[in-house]
Each structure stands twice: as C-alpha cells, then as structure tokens.
Peer 1: 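Take a look at the following structure, please.
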Number of protein chains: 2
Amino acid sequence: MLSHKAKYGLKAAFYLARQYEKGPVLISDLAAAEYIPKKFLEHILVELKKQGILYSRMGKGGGYSLAKPPDKIFLGQIIRILDGPLAAVQCVSKSAYVRCVECKDERTCEIRKVMKHVRDATAHILDRTSLADAMHTKLTLTK
Amino acid sequence: MLSHKAKYGLKAAFYLARQYEKGPVLISDLAAAEYIPKKFLEHILVELKKQGILYSRMGKGGGYSLAKPPDKIFLGQIIRILDGPLAAVQCVSKSAYVRCVECKDERTCEIRKVMKHVRDATAHILDRTSLADAMHTKLTLTK
DNA sequence: TTACTAATCTACCATTTCTATAGATTATGT
DNA sequence: ACATAATCTATAGAAATGGTAGATTAGTAA
C-alpha cells in the first residue's frame with residue numbers, strides 16, 4: 001500500500017507540475033489546495049528537494065517548484081524516495097537488494113520467482129510514467 | 001512490501017504443496033523446516049484455514065494440509081488474506097474499494113489512473129499464478 | 001475412560017513505522 | 001531593519017507489525 005506520505009508527495013508533485021514555470025508555490029498554498037497537513041508536507045518536500053526532484057527558495061517571493069520539467073520526473077522516483085523500494089520483497093529489489101535471511105536457495109525460491117515478475121511489472125509502469133504522462137496522456141483505464 | 005506474515009504464509013503454503021497427499025503436517029515441523037517462529041505461524045495458518053485455503057485436524061495423527069490441490073490455490077488469494085488488498089491505493093482496489101477522502105474528482109486523479117494500471121498488472125500475475133505454477137513452471141526471469 | 005497429542009483461543013506485549021505538531025532558526029528580498 | 005518563507009530539531013500519539021504465553025478443546029488409541 002502506498003503510504004499517505006507518498007500519496008501526499010505525488011499530489012504535491014502534480015500540483016507543482018501544473019504550476020510549472022508560473023513561479024514558486026508556497027507550502028501553505030500547496031497544503032491548502034491539496035488538503036495535506038502543512039507541517040507534514042514540509043518534511044515530504046524537503047526529502048524530495050534533497051533528492052533533486054524539487055527546488056526551493058526561502059524568504060519573500062520564495063517557495064517550491066519542480067527542479068526539472070514534468071516530463072523528466074517519473075512516479076517511480078518519487079515513490080522510492082518516500083516509501084522505499086518498489087519491490088515486494090527485498091531480495092528482488094534493484095535499488096535496495098538485501099538477501100532474505102531465512103532463504104535456503106535464492107535460485108529455487110518460488111516467492112522470489114513470482115515477486116520478481118511483479119516488481120518488473122510495476123517498475124515498468126512507474127519508471128516510464130512521468131508527471132507529464134500521467135497528466136496529459138489518456139491512459140486507457142482497463143475497464 | 002510483503003509483510004513477514006504473508007511471506008511466512010506463502011512459505012508454509014509451498015511446503016504443504018510439496019507434501020500434498022502425503023498426510024498432515026505438524027505446525028512444529030513446518031515452523032522448523034521453514035525457519036518460521038512457531039507461535040506466529042499458528043496465527044497465520046488459522047487465518048488461511050478460515051479462508052478455505054488450508055485444512056486441519058486436531059489430535060494425534062492431525063496437522064495441516066492444503067484444502068485444495070496446489071493448482072487451485074493462487075498466490076493472490078494468500079497475499080490478500082494475510083496482507084489485505086493488492087492495490088497500492090484503496091480507491092483502485094477491486095476486493096476492498098474505499099474512496100479517498102481528500103480526492104476531489106476520482107475520474108481525473110492522476111495517481112488513481114496510474115495506480116490502477118499497477119494494480120491490474122500485479123493482480124494479473126498473482127491471481128493467475130497457482131502454487132503449482134510457481135513450483136513447476138520455469139517462469140522466465142526477466143534478466 | 002484415560003492418557004496423550006496437536007490444533008485452537010484469548011490475551012498480551014515490545015518494537016517499529018507512520019502521521020503529525022511545535023517552536024526556534026536561517027535565508028532572502030525590499 | 002523588517003517581513004516573509006523555508007528549514008531544523010525535537011517530540012509524541014496512534015497504528016501496524018512481529019512475536020510470546022498459557023489455558024482449552026478436539027481427536028486418537030490403549
């Protein structure tokens with residue numbers, strides 16, 4: 001399950017994408033517009049800034065904006081920053097591989113086999129869908 | 001991320017699948033064989049039994065076994081029972097739909113759009129892969 | 001009917017993670 | 001110098017997670 005944190009982060013990113021090149025946005029405005037607790041949002045934005053997704057300025061006329069154009073920011077990046085690896089089991093993660101302690105033989109582990117497929121399928125979507133894609137493309141909603 | 005609970009549950013299910021039609025298996029044996037804390041495993045097995053995945057008998061000669069053949073039990077069922085819905089956001093779940101409180105318009109929500117794809121992709125895999133499939137089929141490991 | 005076996009039930013607890021808030025501080029523009 | 005707006009540090013409540021303990025009930029075999 002996506003945490004609130006990641007959900008808020010995505011919402012913020014989309015909001016900033018809609019304001020892209022229209023000047024910086026105040027945390028307060030963002031929080032109010034997307035119904036996100038302001039103080040919580042602060043933490044989220046700082047993390048996204050540290051990872052190069054957002055840009056910010058202090059003081060008068062300051063605020064937050066995207067550090068890159070909306071078609072260069074992918075949902076997978078944002079989710080990994082805020083929720084950690086996409087993989088359902090760590091032994092199948094590319095960005096944060098860790099061997100399962102109780103695993104006797106990784107090569108024959110059925111769970112690993114299947115979860116690797118799942119990981120690849122979700123990464124395939126989330127690492128190719130940019131903010132711009134999600135906003136503009138009419139993604140065919142399967143039923 | 002898959003919880004330990006679900007991981008243990010899957011491991012237990014695969015173990016019982018390998019013992020299918022060879023008589024009941026003791027919780028203690030299962031726990032020892034798969035390195036699962038016995039008392040914790042108890043809870044997991046009960047849940048899987050309640051949902052019709054497993055069958056059990058008390059007393060001498062008792063133990064646990066699969067309630068259905070390994071090709072009739074799908075990983076998605078087990079994971080849902082132990083970890084809840086597969087969907088990353090509830091508003092996209094088929095088995096446990098809940099509207100997102102802060103959502104202004106579900107039809108235009110970008111997060112929902114993308115996460116629906118992700119849900120469909122993972123459900124497509126997990127609801128079609130049976131214990132037997134995962135054990136026998138040589139699933140092509142994508143790279 | 002007694003003894004043994006093995007699952008079941010109820011309750012509890014420690015730890016971590018998640019979500020959120022408070023207040024002081026630092027940077028910036030005018 | 002002043003107002004503004006992000007940043008930093010610390011904290012705290014709530015929920016989820018992982019795990020344990022002990023008494024109880026159901027079934028088997030003698």
Peer 1: Would one find more than 12 heavy atoms of other residues, nucleotides or ligands at under 6.0 Å from atom NZ of B:Lys50?
Peer 2: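 Incorrect, the count does not exceed 12.
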
Peer 1: Between B:Gly59 and A:Lys60, which residue's closest nucleotide on DNA chain D lies nearer the 5′ terminus?
Peer 2: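 Nearest-nucleotide comparison on DNA chain D picks A:Lys60.
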
Peer 1: With a 4.5 Å cut-off on side-chain heavy atoms, are A:Tyr8 and A:Pro37 touching?
Peer 2: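 Of all side-chain heavy-atom pairs linking A:Tyr8 with A:Pro37, at least one is under 4.5 Å.
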
Peer 1: Strictly under 4.0 angstrom, non-hydrogen atoms only: write out the protein contact profile of nucleotides 8-21 of chain C, one letter per nucleotide from the 5' end, B, S or -.
Peer 2: BBBB-------SBB

Peer 1: So do the side chains of A:Leu75 and A:Asp133 get within less than 4.5 Å of each other, counting heavy atoms only?
Peer 2: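 No, their side chains stay 4.5 Å or more apart.
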
Peer 1: May I ask you to check whether A:Asp71 and A:Ser130 show a side-chain donor-acceptor distance below 3.5 Å?
Peer 2: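 The criterion, which ignores hydrogens and geometry beyond distance, is not satisfied for A:Ser130 and A:Asp71.
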
Peer 1: Can we say B:Arg18 and B:Glu34 salt-bridge, meaning some charged N sits less than 4.0 Å from an Asp/Glu carboxylate O?
Peer 2: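 Salt bridge between B:Arg18 and B:Glu34, a charged N being under 4.0 Å from a carboxylate O: yes.
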
Peer 1: Round to a whole Å and report the spacing from CD of B:Glu47 to P of D:dT17.
Peer 2: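 Going from CD in B:Glu47 over to P in D:dT17 covers 11 Å.
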
Peer 1: Does atom OH of B:Tyr97 have more than 12 heavy-atom neighbours, drawn from other residues, nucleotides or ligands, at distances under 6.0 Å?
Peer 2: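 Counting neighbours around OH of B:Tyr97, more than 12 heavy atoms of other residues, nucleotides or ligands fall under 6.0 Å, so yes.
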
Peer 1: Quick one, which residues of residues 13-26 of chain A touch DNA chain D with a heavy atom under 4.0 Å?
Peer 2: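 The answer is A:Val25, A:Leu26.
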
Peer 1: Do the charged groups of B:Glu110 and B:Lys113 touch, with an N to O distance under 4.0 Å?
Peer 2: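 Salt bridge between B:Glu110 and B:Lys113, a charged N being under 4.0 Å from a carboxylate O: no.
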
Peer 1: Salt bridge or not between A:Arg80 and A:Asp127? Use side-chain N to carboxylate O under 4.0 Å.
Peer 2: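 Looking at A:Asp127 together with A:Arg80, the answer is yes, because their closest N to O distance falls below 4.0 Å.
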
